[in-house]
Amino acid sequence: MPDYNSLEKIRLQKLEELRTEGVEAYPTRAERTHTSAQAIAEFEAAEKDASTGSAREVRATLAGRIRAMRSMGKLSFAHIEDGSGKIQLFLRVNEVGKERLAFFDKMFDIGDFIQATGVMMRTKTGEATLQVLDFKLLAKSVSPLPADKDVKQDDGTVIRYAALEDPELRARQRYADLAVNPEVRDTFRKRATIVKALREFLDSHDFLEVETPILQPLYGGAAARPFITHHNELEQDMYLRISFELYLKRLLVGNLERVYEIGRDFRNEGVSFKHNPEFTQLEFYWAYADYLKVMELTERMVAFVAEKVNGTTKVTYGKYELDFKPPWRRVEMRQGILDTSGIDIAEHKTADDLFQAIRAKHPNKTPDPKVTRGKMIDFLLGEFLEPTLIQPTFLYNYPRDISPLAKSMPGDPLTVERFEGYAAGFELCNAFTELNDPLDQEQRFLDMGRDYTDDEEEKNPLDEDYLRAMRYGMPPNGGFGMGVDRLVMLLTNKHSIREVLLFPALRKEEFGE
RNA sequence: GGGCGCGUAGCUCAAUGGCAGAGCAGUGGCCUUUUAAGCCAUUGGUUGAGAGUUCGAAUCUCUCCGCGCUCACCA
């Protein structure tokens, strides 16, 4: 039994009264004929016709949740909200009678779902309103929605309304957040539009959407700690995937030339404004393309999606005005790091060399001296270059030792053909000309294992089956991965990944007895 | 995991060692065009949980729980 608060107890009492009066509080069916938006549109069309002589009554049965009630003795106003928006209801004793009006005022609460049948009219203040002839309860709300208006007098002036704001409550009880904050519903509608637009774009470029295993016997394709689970019948541990990469590239071996997947990845890592343990990833692999072609496709794809969701490639993100219109700025990593940190990584070909250079130039900002050269470059990138990448930018040509699945630049064994897309200072996507040489790949896996022997958590298992697939022959190809949640953040001006996830990860809630 | 901060009524917030409060919501009443309705009256609290200090704790201390920001981690 939950502990009901005083407000809930009152509503439970109302439920009891309804039952004794024979009123069904949770009827099985509704008889809606119009959404609120349809009723208003039809009414406005009728008004236009009326001005040319032909008057016509707009009768509708609406259904929705009560969001506001104003009772004034012999008449009452209310606003209900449905999927299309809000609409005002107007009840008078003249139409519904004294008893029914009293019933409405007494038994109905904000949050209840109701149905109302009536005729559209315009009030004195000009609002299109349903004049109610009949109504019924569709679902009684026992718990008051956690929101209210807050009217504060500040030396005579009215300042503020408050909606549900507590970030914990909003995330934990997203249903309530959605119910009271229309702009939150809007964000998730936009998210759906974005995902649909990504599919539309890739489908129209002859990419085949596929689904690969989430439960995997080995994990790979990224450097992250996995979630481990266990299959009882097979008597073996399984991993939730940390990327789709190795499975999608197996499909290229199978002569599928263009494949993509949109789905969930799971990484057992820290949580931050841009990290959630499960997140939505888009990856595609494109035979006979290289990272330059992928770059072009990427900027076109993101611009397409931005147009679909916002009607423009421009977007406001916090204090920035971003424009995703192609072509995006391109910054070669060596040059970018040189420009922002004053260090030329090409002149320091070993980790030790590079460390000395960083320490000489920036004694207050030095990486861990034990890490690889690639990780030091990554450090320089994060420390100096990344914060400058505000407008959409492709940063390209990465150190080989942090890119075990990417192909080296011809003539430069330390660098691979890889790029990352940045906007607003954070990473949006990651792509490269994929390594398709099975012998090189095997060596890279072994190198990686050696580099990280003292860090077991980062040491990916060697995927023999992947190497076997590659030995059959994999066409040269370009691959791409993007955090869809981050794209949604950018296109909806949200500054935390939690705001674009319906149910972000939270610690388990303890319920009392 | 580290650092900083927060947790008071259904919601938004006051009260900083001395009677736990306000607005809105709720409840009762008045009100036939309101929309932040208005007017009168009124209910509502394990101050996140537990322990300690004190004559006295929402306030100070400790432990725990939850959340936020941040750092670390994160191809």
Side-chain angles (χ1 to χ4, degrees), chain A residues 3-11 13-14 67-79 86-95 101 106 109-111 121-127 129 131 143-154 158-172 176 180 220-225 242-243 245 267-277 279 368 372 374-375 377-378 381-382 398-406 416 418 420 427 430-432 448 452 455 457-458 460 481 483 495-496 498 504 506-510 512:
Chain A
D3 282 333
Y4 291 111
N5 66 37
S6 58
L7 299 182
E8 290 168 329
K9 282 176 184 157
I10 288 163
R11 294 194 180 191
Q13 213 170 338
K14 289 181 183 178
R67 292 301 307 276
M69 295 178 81
R70 293 176 297 280
S71 162
M72 312 189 47
K74 296 192 174 58
L75 55 85
S76 286
F77 291 93
H79 270 95
K86 282 189 196 173
I87 190 168
Q88 183 168 250
L89 305 183
F90 176 48
L91 294 86
R92 288 197 309 184
V93 286
N94 311 41
E95 284 80 30
L101 186 65
K106 185 168 159 48
D109 292 294
I110 291 171
M121 57 160 300
R122 213 167 266 283
T123 61
K124 277 184 183 166
T125 54
E127 181 168 350
T129 298
Q131 176 150 28
S143 301
L145 291 169
D148 223 305
K149 51 182 182 282
D150 181 11
V151 184
K152 277 220 163 151
Q153 295 288 14
D154 230 326
V158 178
I159 300 302
R160 189 179 50 175
Y161 310 69
L164 175 60
E165 282 174 349
D166 176 33
E168 177 180 0
L169 207 154
R170 286 189 50 228
R172 232 181 246 296
V180 303
R225 277 149 57 191
I242 58 172
S243 87
E245 175 150 3
R267 295 186 183 175
N268 208 339
E269 307 278 359
V271 176
S272 82
F273 76 95
K274 54 181 176 176
H275 295 93
N276 194 67
F279 62 99
D368 179 347
T372 64
K375 290 224 158 189
I377 294 173
D378 204 34
L381 163 64
Y398 275 65
R400 173 182 139 130
D401 67 70
I402 56 169
S403 314
L405 299 162
V416 293
R418 170 181 171 188
E420 290 189 347
E427 179 193 339
N430 178 24
F432 26 93
M448 190 169 51
Y452 298 137
D455 189 353
E457 283 176 345
E458 279 198 29
N460 281 10
H495 298 80
S496 166
R498 277 190 312 271
L506 290 169
R507 220 175 286 271
K508 187 175 161 193
E509 189 175 6
E510 294 296 335

Please give the distance between the [atom1] atoms of [N] and [M] as a whole number of Å.
{"N": "B:rA72", "M": "B:rG3", "atom1": "P", "result": "15 Å"}
{"N": "B:rC39", "M": "B:rU34", "atom1": "C1'", "result": "15 Å"}
{"N": "B:rG48", "M": "B:rU43", "atom1": "C1'", "result": "24 Å"}
{"N": "B:rG17", "M": "B:rC73", "atom1": "P", "result": "42 Å"}
{"N": "B:rU12", "M": "B:rG56", "atom1": "C1'", "result": "30 Å"}
{"N": "B:rG44", "M": "B:rC62", "atom1": "P", "result": "36 Å"}
{"N": "B:rC6", "M": "B:rA41", "atom1": "C1'", "result": "37 Å"}
{"N": "B:rU27", "M": "B:rA37", "atom1": "P", "result": "15 Å"}

Shorter than 3.5 Å, N or O on both sides, protein versus nucleotides 29-33 of chain B: list them out with atom names.
from   : atom 1 : to       : atom 2 : distance (Å)
B:rC31 : N3     : A:Gly73  : N      : 3.3
B:rC31 : N4     : A:Gly73  : N      : 3.2
B:rU32 : OP2    : A:Lys74  : N      : 3.4
B:rU32 : N3     : A:Asn94  : OD1    : 3.2
B:rU32 : O4     : A:Asn94  : OD1    : 3.3
B:rU33 : O2     : A:Lys124 : N      : 3.0

Between A:Phe273 and A:His495, does a side-chain contact (heavy atoms from CB on, under 4.5 Å) hold up when you go through it step by step?
-> CA-CA 7 Å; A:Phe273 76 95; A:His495 298 80; 5.9 Å; no

Under 3.5 Å for both donor-acceptor distances, Watson-Crick or wobble: does [N] have a partner, and if so which one?
{"N": "B:rA22", "value": "B:rU12"}
{"N": "B:rU33", "value": "none"}
{"N": "B:rU61", "value": "B:rA51"}
{"N": "B:rU27", "value": "B:rA41"}
{"N": "B:rG1", "value": "B:rC71"}

Hey, does [X] reach any base, or is it just sugar-phosphate, or nothing, if we go heavy atoms under 4.0 Å?
{"X": "A:Lys9", "answer": "nothing"}
{"X": "A:Leu7", "answer": "base"}
{"X": "A:Arg172", "answer": "sugar-phosphate"}

Quick one: do A:Gln131 and A:Glu95 satisfy side-chain contact (heavy atoms from CB on, under 4.5 Å)? Show the steps, please.
-> CA-CA 9 Å; A:Gln131 176 150 28; A:Glu95 284 80 30; 3.0 Å; yes

Which residues share a side-chain contact (heavy atoms from CB on, under 4.5 Å) with A:Lys274, sequence neighbours left out = A:Ser272, A:Glu386, A:Phe426, A:Arg486

To the side chain of [X], which of [options] is closest?
{"X": "A:Arg70", "options": "B:rC74, B:rG26, B:rA37", "result": "B:rA37"}
{"X": "A:Glu420", "options": "B:rA75, B:rC69, B:rG66", "result": "B:rA75"}
{"X": "A:Asn5", "options": "B:rG68, B:rG10, B:rU27", "result": "B:rG10"}
{"X": "A:Lys14", "options": "B:rA75, B:rG26, B:rG66", "result": "B:rG26"}
{"X": "A:Arg507", "options": "B:rC74, B:rA75, B:rC67", "result": "B:rC67"}
{"X": "A:Ile110", "options": "B:rC74, B:rA75, B:rA25", "result": "B:rA25"}

In this structure, how many angstroms lie between the [atom2] atom of [N] and the [atom1] atom of [X], rounded?
{"X": "A:Lys106", "N": "B:rG26", "atom1": "NZ", "atom2": "P", "result": "13 Å"}
{"X": "A:Lys274", "N": "B:rA72", "atom1": "NZ", "atom2": "P", "result": "10 Å"}
{"X": "A:Asn430", "N": "B:rA75", "atom1": "CG", "atom2": "C1'", "result": "6 Å"}
{"X": "A:Ile87", "N": "B:rU34", "atom1": "CD1", "atom2": "C1'", "result": "15 Å"}
{"X": "A:Asp109", "N": "B:rC24", "atom1": "CG", "atom2": "P", "result": "18 Å"}
{"X": "A:His275", "N": "B:rU70", "atom1": "NE2", "atom2": "P", "result": "13 Å"}
{"X": "A:Arg498", "N": "B:rU70", "atom1": "CZ", "atom2": "C1'", "result": "13 Å"}
{"X": "A:His495", "N": "B:rC69", "atom1": "NE2", "atom2": "C1'", "result": "15 Å"}

Report the C-alpha distance between A:Arg267 and A:Phe279 in whole Å, list the side-chain angles of each, state the deciding distance to 0.1 Å, and finish with yes or no for side-chain contact (heavy atoms from CB on, under 4.5 Å).
-> CA-CA 8 Å; A:Arg267 295 186 183 175; A:Phe279 62 99; 3.7 Å; yes

Whether A:Lys14 side chain and A:Lys106 backbone form a donor-acceptor pair below 3.5 Å | yes

Go through the steps for A:Ile242 and A:Arg225 under the test side-chain contact (heavy atoms from CB on, under 4.5 Å), then give the verdict.
-> CA-CA 8 Å; A:Ile242 58 172; A:Arg225 277 149 57 191; over 6 Å; no

